[in-house]
Amino acid sequence: MLDKAIQPYIGVPLDVPKKKEFVTIVGLKDKQGHKTGWTTLKKALIECGCTVSTTRIGTKNYDVVTLPTCIEVA
């Protein structure tokens, strides 16, 4: 089941500030214990079966995270 803290970031266009918030909430760290950024989180999401697509709204690019169908959203 999906954690309620990250639900607001799923299926909506994420700009740079929202991506930073998402990274902070997830708290992913590398092997040395350093905090990671959006690129590493994006790669981890894709490896877990999520789809991360980029869309353009006006002059800004946004990323949209879509969950695989096997993950339940409560």
Side-chain angles (χ1 to χ4, degrees):
M1 186 150 46
L2 187 64
D3 189 335
K4 289 184 180 188
I6 64 170
Q7 283 182 356
Y9 302 95
I10 305 300
V12 297
L14 301 173
D15 57 1
V16 174
K18 284 288 186 186
K19 287 189 261 188
K20 287 182 181 179
E21 289 176 19
F22 190 24
V23 168
T24 303
I25 288 173
V26 172
L28 191 65
K29 296 186 180 184
D30 63 11
K31 292 177 184 177
Q32 290 81 28
H34 302 116
K35 294 179 183 177
T36 61
W38 170 249
T39 307
T40 306
L41 177 57
K42 181 178 174 179
K43 190 182 295 186
L45 288 168
I46 292 169
E47 288 175 2
C48 290
C50 295
T51 304
V52 181
S53 58
T54 302
T55 185
R56 189 169 183 91
I57 302 173
T59 59
K60 293 185 177 182
N61 289 328
Y62 296 86
D63 286 322
V64 179
V65 178
T66 307
L67 298 176
T69 57
C70 61
I71 296 179
E72 296 178 11
V73 179

Worksheet, complete the sentence: salt bridge (charged side-chain N to carboxylate O under 4.0 Å, His left out) filter on K42, not counting sequence neighbours, yields none
Fill in: Distance-minimising heavy-atom pair for D63 and T54
OD1-OG1, 2.7 Å
Fill in: Side-chain ion pair, D15 and K60, N-O less than 4.0 Å
no
Worksheet item: How far apart are the closest heavy atoms of P68 and C48, and which atoms are they?
Response: CG-O, 4.2 Å
Worksheet item: Atom OG1 of T66 and atom CG of L45: how far apart are they, to the nearest 0.5 Å?
Response: 10.5 Å
Item to complete: Using the rule that two of Ile, Leu, Val, Met, Phe, Trp, Tyr join whenever any of their side-chain heavy atoms come within less than 4.5 Å, decide whether I25 and Y62 are in one cluster.
Response: no
Worksheet item: Any chain of hydrophobic side-chain contacts (each under 4.5 Å) joining V64 to V12?
Response: no
Worksheet entry | Counterpart residues, salt bridge (charged side-chain N to carboxylate O under 4.0 Å, His left out), relative to K29 (two or more places apart) | none
Practice prompt. Provide the full list of ring pair (Phe, Tyr, Trp, His ring centres under 6.0 Å) pairs with a residue in residues 14-55, sequence neighbours left out, each pair given once.
Written response: Y9-F22
Worksheet item: What pair of heavy atoms forms the shortest contact from D30 to T36, and how long is it?
Response: N-CG2, 3.7 Å
Worksheet item: Would L28 and T40 satisfy side-chain contact (heavy atoms from CB on, under 4.5 Å), going step by step from the backbone distance to the final call?
Response: CA-CA 8 Å; L28 191 65; T40 306; 4.2 Å; yes
Item to complete: Quickly, which of V52, L41, I46 forms a side-chain contact (heavy atoms from CB on, under 4.5 Å) with V65? Name it, please.
Response: V52
